[in-house]
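Take a look at the structure set out below.
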Amino acid sequence: MQQPISLNPDSKILIVGSGVFGLSTALWLARLGYRRVTVFDMQDTESTGYDPGAGIESASADINKIIRFSYGSKIEYQRLASQAAEIWDQWNQEIASLAGEELPEVLRRGERKLWYKCGFLRMGAGTEFADFELQTLRNMEMEGIRDTQFKSDDDADTERAKRSGWAHKLDVCRRQERFGVHKAVLDSSAGFVVAYKACAWAQHLARKAGVEFILHDSKGKVVGIDAIDHDKPVVRTADGMAHEGDLVVVAGGGWTAGLLPEADGLIETTAGSVATVQLPKDRPDLWDRFSPENFPVVTWGLGEGTGNDKDIYSFPRDENGVIKIGYRKTKWTSYGDVAGKRISVPKAVYVTEKNIPVPALEGIKEYISVNLPELAELGLSSTRLCWYTDSIDNSFVVDFVPGRPRVAVCSGGSGHGFKFLPILGREVVKILEGKGDQTVYGQMWKWRTSTAGKRNGLEEGEEGPRVLEKQRMASQEDWVF
Ligand SMILES: Cc1cc2nc3c(=O)[nH]c(=O)nc-3n(C[C@H](O)[C@H](O)[C@H](O)COP(=O)(O)OP(=O)(O)OC[C@H]3O[C@@H](n4cnc5c(N)ncnc54)[C@H](O)[C@@H]3O)c2cc1C
C-alpha cells in the first residue's frame, strides 16, 4: 500500500468514471463531508439515465443485474452484499415515497422501484450439487440465514418453501418432471436490480450531496493523468483543459487499464456476452409466467468446476417484456496499443460490437432450448458485448497506484460489483483516507501482483484463445433455433 495522503473536507477529489465504482465513491465521499468532489465521464450518463437503449456503453449501464449473497467461501463479499441489501431496501422505500418531480427522469416513467426480491434459483446442470453450493449453504447456516435458502432435494426445505409461498419458484424449468433430476438451491433473499435506474438514482443522490459531474464527450473525457510536480496530480481532458486535484481516483471500468497501463497484469478488460428475448404484447401468458412474481433470476451450471459448466444466467422479464440472458463461461479480450504496450481495451464507445462470438450464442441457445423451450419459438431479439474489468483473483482493486503520488484506482469489478453500489464507497473512502490496512476490504482490494500460475485468465495475454478477433462472430442467421 502506498503512503497514505492526508485528506480534509476541502481536498479537491477528482473521480474518473460515473459507473458503479465512481458513483458509490463520490456519494460516500460527499456524505462523509468532502465538499469538493468532481466526477468526469466521457458519456452523458445524466440525460440518458444510463439507459443502454439510449446508447450508453458501460458495465453499469444495463437493464438489470443480479443481487446475490451466495459467495461460496468468500464470506466477506456475502456480508457486504447483505449490508448493501439493507440500503437497496431503503432506496426502494425512499423512491416509493417521493413525488415524481423529486426523482430522476428514468424513475418517473414505468415502475418506481430498483430492487426486486424475486429469488435466485441456482440450477445445477448435472446430477450433483457443486461444492460452491454446499459451501454457500454452510456459510448461510453460520450467519444464521439458512432459512432463506431452499434446497430442491431437501424435504424440510421444500415443505418450508410451500408454507412460505416460494414453492412455485423451486423448479421453474420443470427439470425434475422432464429430466428426472433437479439439483438447485433457491435463495429467497436475492433477486435483481434495474441497473440503469439504480445508477441514475445514485447519481441524483450524489448531486444532492454536492458532487459536481462533468459528463461530456470532450469536457468529461480524460486523456491523461499526470503530475505537475510530485505533489498534485492533474487530469487532462479532451477539450485541452488541465484539472489539478489533491487526489485522483480512476474508476474507468473496462477503460481503466487504458488510463493506467501499469495496472495491466493486475486487471484485464474483458467482455461478457448477453442476448435478449422480447415477449410479444399479445402473449399475456408469457408476460405472466416470466414476471418477477412468478420467475426468479436463474443460473444454470454456474462455476460447477466439472468441466461441463454451462455458466448461463437469466432474468425475469423487465417492465418492457425483455428477458436478458447472459453467458459467463468465456470472457473475451481485445488488444490494442496503449503507451507502448499491448493491452486489452474495450472496442471504442458507440461502435461497440453488437454481435457475440458463436460459442456464447450457442450456449445461450442451448439454455433456452433445454430449459425454456417456449422462448425458442420467439427467437432472440438482440445480442451485445458488455465490457468490464477482471482482476487476477476476481476481487476488486482499490488502492493508491505505485509510482503515481495521489492517484488511486477503484476497479476490478470482475463481473460482480454492481450489487455493492449502495455500500462500496463506504469501504473505498476508508482506503482513500489511508486506513485500508486496518480493514478487511482494504486488505482484500490492495494493489497486488502475481506472475505465477493461473491468474483468472490474465496469464493468457494476446496469444490466448479468448481474443475476440480470433472468434467467429454470430450473425442474425445464427440466431435461428
Ligand atoms: C455482462 C455483465 C454482467 C454483469 N452482471 C452482474 C451482476 O449480475 N451482478 C453484479 O453485481 N455485477 C455484475 N456485473 C459487474 C458490474 O456490472 C460491474 O462490476 C460494475 O458495473 C463496474 O462498474 P465500473 O464503475 O467499474 O465500470 P463502468 O460501469 O464500466 O463505468 C466506467 C465509466 O467510466 C467512464 N470512462 C472510462 N474511461 C473514461 C475516460 N477516459 N474519461 C472519462 N470517462 C471514462 C465510462 O464512460 C463509464 O461510464 C456484470 C458485468 C457485466 C459486464
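Atoms within each ligand, like the ligands themselves, are counted from 1 in listed order.
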Got an N/O contact under 3.5 Å between [X] and ligand 1?
| X | value |
| --- | --- |
| Gln43 | yes |
| Phe21 | yes |
| Lys419 | yes |
| Gly417 | yes |
| Ile66 | yes |
| Val20 | yes |
| His416 | yes |
| Ser60 | yes |

So does [X] pair up with [Y], basic N to acidic O under 4.0 Å?
| X | Y | result |
| --- | --- | --- |
| Glu244 | Lys12 | no |
| Asp478 | Arg472 | yes |
| Glu433 | Lys435 | yes |
| Asp62 | Arg384 | yes |
| Arg466 | Glu268 | yes |

What do you reckon, are the aromatic ring centroids of Phe396 and Tyr77 less than 6.0 Å apart? yes
Please check if the side chain of Trp88 supplies one atom and the backbone of Lys419 the other of a donor-acceptor pair under 3.5 Å. yes
Polar side chain donor-acceptor pair, [X] to [Y], under 3.5 angstrom:
| X | Y | answer |
| --- | --- | --- |
| Gln43 | Thr45 | no |
| Thr270 | Asp390 | yes |
| Thr136 | Tyr71 | no |

Can you list the atoms of ligand 1 that are under 4.0 Å from a heavy atom of [X]?
| X | result |
| --- | --- |
| Gly17 | 33 (C), 34 (O), 35 (C) |
| Gly252 | 32 (C), 34 (O), 37 (C) |
| Cys386 | 1 (C), 52 (C), 53 (C) |
| Gly415 | 5 (N), 6 (C), 12 (N), 13 (C), 14 (N), 15 (C), 50 (C) |
| Gly220 | 42 (N), 43 (C) |

Winner among [options] once heavy atoms are compared against [atom]:
| atom | options | value |
| --- | --- | --- |
| atom 12 (N) of ligand 1 | Phe396, Tyr313, Phe418 | Phe418 |
| atom 41 (N) of ligand 1 | Thr45, Asn64, Val222 | Val222 |
| atom 45 (C) of ligand 1 | Met42, Lys65, His216, Lys221 | Met42 |
| atom 18 (C) of ligand 1 | Gly224, Ala59, Ala271 | Ala59 |

Assess whether atom NZ of Lys183 is packed by more than 12 heavy atoms of other residues, nucleotides or ligands within 6.0 Å. yes
Which is it for Ile56 and ligand 1 at heavy atoms under 4.0 Å: side chain, backbone, both or neither? neither
